[in-house]
Every structure is written in C-alpha cells, then in structure tokens.
Amino acid sequence: MILEDSFYQGKDVVKIAKQLLGKVLVTHIGGIYTSGMIVETEAYAGAADKASHAYNNRRTARTEVMYGKGGTSYVYLCYGIHHLFNVVTNVQDVPHAVLVRGVEPLEGIEHMLARRRKEKLDSTLTAGPGALSMALGIHTRHTGVPLSGTEIYIEDRGIKVAAKNIVAATRVGVAYAAEDAYLPYRFYIRDNKYVSKGKGL
DNA sequence: CAAACGATTTTCT
DNA sequence: GAAAATCGTTTGG
C-alpha cells in the first residue's frame, strides 16, 4: 500500500527515518517506472538541528517547502551537481525532513543504468543520495510534489526490518553542524550493499 | 550586483 | 588519498 499523509505527519522525525527503512521508493517520471527499497536514511530535525537548512527556523525560498505539511518532497541541489531527495515530515510550520541516502534497486533497473550511464548493476548505482536521485530520475523540479501523487511515492510492501538489523550512526558530511554532528540520526540496514560508503564521525 | 559555499561523486595520481 | 566538477542559494557590499 502507498503510505498516506498520516505516516509522514508523526511528530518524531527520528522514528519516521527508522520506519522508512524497508519501504519502497517509487518514481514514475517521464513515463518511466523505477523503484527501490530504502536502506539508508538520515533525520533532520528542523529548528533545533544545526545540520538542517531550517536551523533556528530560518525561512528562505528554498526551505519553504519544509514548512509545509508532512508528505511532500524536498529536493535540494548540492555542489551544483547532485540532487538530494528528502521527505518532509511533521505538520505545517514544523520543518522536519528525512534524507534518503540509499536504496536497493528493485524495478526498472535498465532505466536506472541508462540514467547513470552504467553498463552493469553494482552497488554504486543507487548507494548515496546523489546517485539514487539520478537513478530514479529525481530532479530539483520535483521539490514540493506530494508523495501521495503519481510521480513520486513510497509504498509499504510488507517488508519488515528487524530492530537488530537497524544500525544507528552519525550523519554524513555535516561536520559544520558542531555538536549536532554527533547526533545518531543516520539509520541503515546492516550488511546491505546499497548503503552509502560515506563516513560519519 | 558579486562572491562564497555546499546534506557529493568521480576521476586522476 | 587528493582534487576537480559545477550552479543555485545565500550573504555581503
């Protein structure tokens, strides 16, 4: 089943980040259907989190979408090259989000290979936030689209991830966030090949 | 209006 | 292991 708004609008972004592991991210963009199981996420806790773009309730045109209700997408261009896909959570005016850092390819693998200009399936196809966005066809133009719509959505296919196989770690690439860089806000499925190689602290 | 800077990935040494 | 690639957003003059 497709996750409904109520799933995203829970108050605890860290819990939602954990619950997204094992769910299936589906895109239907440009007439091409691709999907992958989420294996790695990071929580960004809005106003209280120095690593978040919305730290201290900073509002800019770019971050405005995070202040909307949970269940929409926030796609951010990083380093001028990489499109990073986030899920907006919580209710209106609370700018929480979950970054999807890794998925395991399920359907449309040939299309993902074409988008990534690769010949063979390997763990680099969708491991890492920039890589999976390119593979799934996610672009900054998709920022603000509802996850209950037709272009991008997340399904629960009944995949269960045992608590002992969920690893908590520090987030990647957020050293600038000072003490908040040490928060255990990164979650991934133990021993999965499609978890990014990025290092925490 | 100009300048600096990334929630990264790839490539070259 | 180190460095480049590359551009929208944000900040400062």
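Naming convention: chains lettered A, B, ... in sequence-line order (proteins, then strands); numbering from 1 in each chain. Reckoned from all heavy atoms, side chains included, excluding hydrogens, waters and symmetry mates.
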How close or far is atom P of C/dA3 from atom OH of A/Tyr79, stated in whole angstroms? 15 Å

Any side-chain donor-acceptor pair under 3.5 Å between A/Asn90 and A/Gln9? no

Crowding at OH, A/Tyr33 (>12 non-hydrogen neighbours, <6.0 Å): yes

Quickly work out the A/Lys197 NZ to C/dG1 C1' distance and round it to whole Å. 18 Å

Separation of atom CZ in A/Arg58 from atom P in C/dT9, rounded to whole Å: 13 Å

A/Glu40 bridged to A/Lys18 by N-O distance under 4.0 Å: no

Can you see whether A/His53 engages A/Tyr74 through a side-chain donor-acceptor pair at a distance of less than 3.5 angstrom? yes

Rounded to whole Å, the NE2-P distance (A/His83 to C/dT9) equals 11 Å

For DNA chain C, find the residues of residues 123-144 of chain A with a heavy-atom distance under 4.0 Å and give them by number; none if there aren't any. none

Between A/Lys11 and A/Thr89, a side-chain donor and acceptor under 3.5 Å: no

Can you give the first and last nucleotides of DNA chain B, 5' to 3', that have an atom under 4.0 Å from a heavy atom of chain A? B/dG6 to B/dT10

Matching residue for A/Leu20 among A/Asp156, A/Val98, A/Val39 - test: side-chain contact (heavy atoms from CB on, under 4.5 Å): A/Val98

Name the nucleic acid region contacted by A/Tyr44, choosing base, sugar-phosphate or nothing; use a 4.0 angstrom heavy-atom cut-off, strictly under. base

Given side chains that start at C-beta, do those of A/Val195 and A/Arg186 come closer than 4.5 Å, heavy atoms only? yes

